[in-house]
Peer 1: 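Quick one: this structure, given as structure tokens, is what I'll be asking you about.
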Amino acid sequence: MLDTLQTFMNDYGWNILALVGFSLLLLVSLLIIVAFLLLMDRKVWAAVQMRRGPNVVGPFGLLQSFADLLKFVLKEPIIPAGSDKAVFLLAPLATATCALASWAVIPVNENGWGRWVISDMNVGILYLLAISSLGVYGIVMGGWASNSKYPFMGALRSAAQMVSYEVSIGFVIISVLLCVGSLNVTDVVNAQKTGVGTTFGLTSSLLDWHWLPLFPMFVIFFISALAETNRPPFDLVEAESELVAGFMVEYSSTPYLLYMLGEYVSIVAMCAMTTILFLGGWLPPLDIWPLNAVPGLFWFLIKVVFVFFMFAMVKAMVPRYRYDQLMRLGWKVFLPLSLFMVVVTAAVLQFGGFRS
Amino acid sequence: MASALFFYLFAVLAVVAGASVILTKNPVHAVLFLILAFFNAAGLFVLLQAEFLAMLLVIVYVGAVAVLFLFVVMMLDVDFAELKAGFIKNAKIGALIGGIVLVELIALFGYRGFTVSPVMNPSAPIPASITNTRALGEILYTQYVYYFQGAGLILLVAMIGAIVLTLKHRQGVKRQSISAQVARGPATGLEVVKVPSGGSVIPPAVKHPEAAE
């Protein structure tokens, strides 16, 4: 018995222990970063509207997110009598789990120690696409299980909206993959070491990243990411002026907290995806001394925070779309445009002499 | 050992979820169990080192098809008593068809035996030098490209047929024409009316370009 255990530990055990350790490290740092990004979101929003934002808990309101967390956890969870209790409680868990699961394949750095990623799988991009498309289930299940009008409307809207915008996200990812030639997420970043900038003499600079040659796709991806994460101007799912809070109306306490957490974690995951696909991941903007000596993790975080800042500014400035306009934008504008761009990208790669 | 462990985990969960799909009374719960079954099938694909197929299964079936199932089933108002009456009425035909399929399956496995072990023998070994995504791509898009295009054409025809069958242009519906709205300028959107002092003018009805459709 002891012998078998030892063989098992030698074969799998230490790997599993290391995996659990790294996952915990990633999740804990991710959650702390999300807590501060949530505060940043509110501060940016407040600054645009010339308010102060949260400034009471801790210096400059830095501990506001942690105070909110404690408040939610300590409140009483209310489960409506007419609800489907199992699905009602499963829904926020599904949202939070899907959001956190996407971080398993997101690499944050690569250096002499190897690739800083939990699972360096060779279909990582497809995994990200699959997990982001699962986000809809948390919302649909929550909306249905609440057994109430507004949540159900929110759930129906979300199902249509997320399925629509997933299509254009898929096409954008395909055109990036055509340029890269690999489905591995780390390879996507490494492919951005050479590109347009290298052709014009600025080797390994920010001009090499995919945002420049694939600029239309970058814009489509950014807007579709807003729709996919139900951020304003596409927050019809929880539109407070029409549906009170959409699918979250009946939720309180920890289940509500899980929804909010899942939402923000998936927003940050979308920011990380934008960074990896278009903004060169952990690569420094210029390959010169003080910049390339900075750890790659730092550049990765800076870029993620920059994209999140753009998300926050959009939330502060843009009015909400109407439902038919949302559908028109997704199906009649983004889908043909991204499909056309996939064909153009493939043609340029094939006939422009870029084929490896 | 670990792969066998995971095989039995996924296989048992897939069978249990599959059984629950037809045994559970609530149709929404049935769809959710179906999704669980899809997930476990994806896990089995990963064990067979077909991770591309696994991801595709999750993206296409879980991410799109099952969402539409759920969307439709959630809005259905199913009457269980009526369903059960239908079950008893059609039970004889159902039992007959089920019996035929059972006999066929028994005959098939009696002839072939249970020699294939899915964990030990992946059905088609992947060439060691390339990833299985590339291997699939070379088969689909290079070796069998004409069959692939043919399948695509058939799907396109089916899609157009479905749209033609269901599309209705209702008369008298006011639609928004964004290009017409954007193209509106002072010349078309504004009318200056001279009102005589002490009198009143009721302007004639203006035919807006966006209402023309």
Side-chain angles (χ1 to χ4, degrees), chain A residues 4 7-8 11-13 15-16 84 86-87 90-91 94 98 105 119 121-137 139-141 143-145 147 152 155-164 166-167 169-170 173 177 181-184 187 322 324-325 328-329 332-333, chain B residues 1-6 24-36 38-39 42 45-46 49-76 126 130-137 141 173-179 181:
Chain A
T4 328
T7 339
F8 181 80
D11 286 353
Y12 309 106
N15 279 341
I16 291 173
D84 187 324
V87 181
L90 201 63
C98 284
V105 295
S119 165
M121 65 164 87
N122 60 8
V123 288
I125 289 281
L126 284 181
Y127 175 83
L128 279 176
L129 192 63
I131 293 292
S132 81
S133 68
L134 294 183
V136 66
Y137 281 111
I139 296 174
V140 172
M141 280 159 67
W144 176 78
N147 199 7
F152 191 61
L156 291 185
R157 283 182 178 191
S158 113
Q161 172 180 337
M162 289 176 105
V163 169
S164 312
E166 216 170 82
V167 184
I169 283 195
I173 288 176
L177 293 180
S182 167
L183 288 166
N184 186 299
D187 289 347
R322 210 173 56 205
D324 60 320
Q325 293 170 334
R328 178 185 169 271
L329 187 71
K332 291 188 179 174
V333 180
Chain B
M1 188 176 81
S3 67
L5 194 73
F6 278 110
T24 183
K25 281 182 180 170
N26 190 325
V28 174
H29 290 178
V31 176
L32 293 176
F33 275 119
L34 184 67
I35 293 161
L36 183 63
F38 282 148
F39 262 116
F45 272 132
V46 171
Q49 300 182 337
E51 64 271 4
F52 181 75
L53 282 182
M55 289 307 144
L56 230 53
L57 184 74
V58 174
I59 292 172
V60 175
Y61 282 94
V62 182
V65 175
V67 173
L68 296 181
F69 275 4
L70 199 59
F71 193 90
V72 172
V73 165
M74 271 188 343
M75 291 196 290
L76 285 181
I126 301 145
I130 55 175
T131 64
N132 66 48
T133 313
R134 199 183 183 97
L136 268 177
Y141 302 127
V173 177
K174 281 190 180 173
R175 290 177 194 280
Q176 181 183 27
S177 165
I178 301 228
S179 51
Q181 283 183 346

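Letters A, B, ... are given to chains in the order of the sequence lines, protein chains preceding strands, and every chain is numbered from 1.
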Peer 1: Does any part of the side chain of V87(A), heavy atoms only, come nearer than 4.5 Å to the side chain of V28(B), both counted from C-beta?
Peer 2: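 No, their side chains stay 4.5 Å or more apart.
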
Peer 1: Can you tell me which portion of L32(B) sits under 4.5 Å from chain A's heavy atoms? Options are side chain, backbone, both or neither.
Peer 2: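 Just the side chain, heavy atoms under 4.5 Å.
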
Peer 1: Quick check on A66(B) against chain A: is it the side chain, the backbone, both or neither that has a heavy atom closer than 4.5 Å?
Peer 2: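 Both parts, backbone and side chain.
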
Peer 1: Can you tell which part of L134(A) gets under 4.5 Å to a heavy atom of chain B, answering side chain, backbone, both or neither?
Peer 2: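 Just the side chain, heavy atoms under 4.5 Å.
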
Peer 1: Looking only at heavy atoms, what is the nearest atom pair of Y137(A) and V67(B), with distance?
Peer 2: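 Residues Y137(A) and V67(B), closest heavy atoms: OH-N, 3.2 Å.
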
Peer 1: What are the two closest heavy atoms between S133(A) and G63(B), and how far apart are they?
Peer 2: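 Shortest heavy-atom contact: OG-CA, 3.7 Å.
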
Peer 1: Provide the full list of side-chain hydrogen bond (donor to acceptor under 3.5 Å, both in side chains) pairs with a residue in residues 60-74 of chain B, sequence neighbours left out, each pair given once.
Peer 2: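 Non-adjacent pairs meeting side-chain hydrogen bond (donor to acceptor under 3.5 Å, both in side chains): zero.
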
Peer 1: What heavy-atom pair brings L156(A) and F71(B) nearest, and what distance separates the two atoms?
Peer 2: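 In this case the closest contact between L156(A) and F71(B) is O-CE1, 3.5 Å.
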
Peer 1: Would you indicate whether the side-chain heavy atoms of L70(B) and V136(A) approach each other to under 4.5 Å?
Peer 2: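 Counting from C-beta outward, V136(A) and L70(B) never come under 4.5 Å.
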
Peer 1: Which atoms form the tightest heavy-atom contact between L129(A) and I59(B), and what is the distance?
Peer 2: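 In this case the closest contact between L129(A) and I59(B) is CD2-CD1, 3.9 Å.
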
Peer 1: Please rank D324(A), D84(A), V163(A) by heavy-atom pairs under 4.5 Å with chain B and give me the top one.
Peer 2: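 If we count pairs closer than 4.5 Å to chain B, D84(A) comes out on top.
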
Peer 1: For the residue pair Y127(A) and E51(B), establish whether any side-chain heavy-atom pair is separated by less than 4.5 Å.
Peer 2: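 In short, these two side chains do not touch, never coming nearer than 4.5 Å.
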
Peer 1: Please state whether the side chain, the backbone, both or neither of M141(A) comes within less than 4.5 Å of a heavy atom of chain B.
Peer 2: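 The answer is the side chain of M141(A).
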
Peer 1: Under 4.5 Å heavy-atom distance to chain A, tell me which part of L57(B) shows up: side chain, backbone, both or neither.
Peer 2: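 Nothing of L57(B), per the 4.5 Å heavy-atom cut-off to chain A.
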
Peer 1: Please name all residues satisfying side-chain hydrogen bond (donor to acceptor under 3.5 Å, both in side chains) with Q161(A), sequence neighbours left out, ordered by chain then number.
Peer 2: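 Partners of Q161(A) under the side-chain hydrogen bond (donor to acceptor under 3.5 Å, both in side chains) test: N230(A).
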
Peer 1: Out of curiosity, L128(A) CG to M55(B) CE, how far, rounded to the nearest 0.5 Å?
Peer 2: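 Taking CG in L128(A) and CE in M55(B), the distance rounds to 9.5 Å.
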
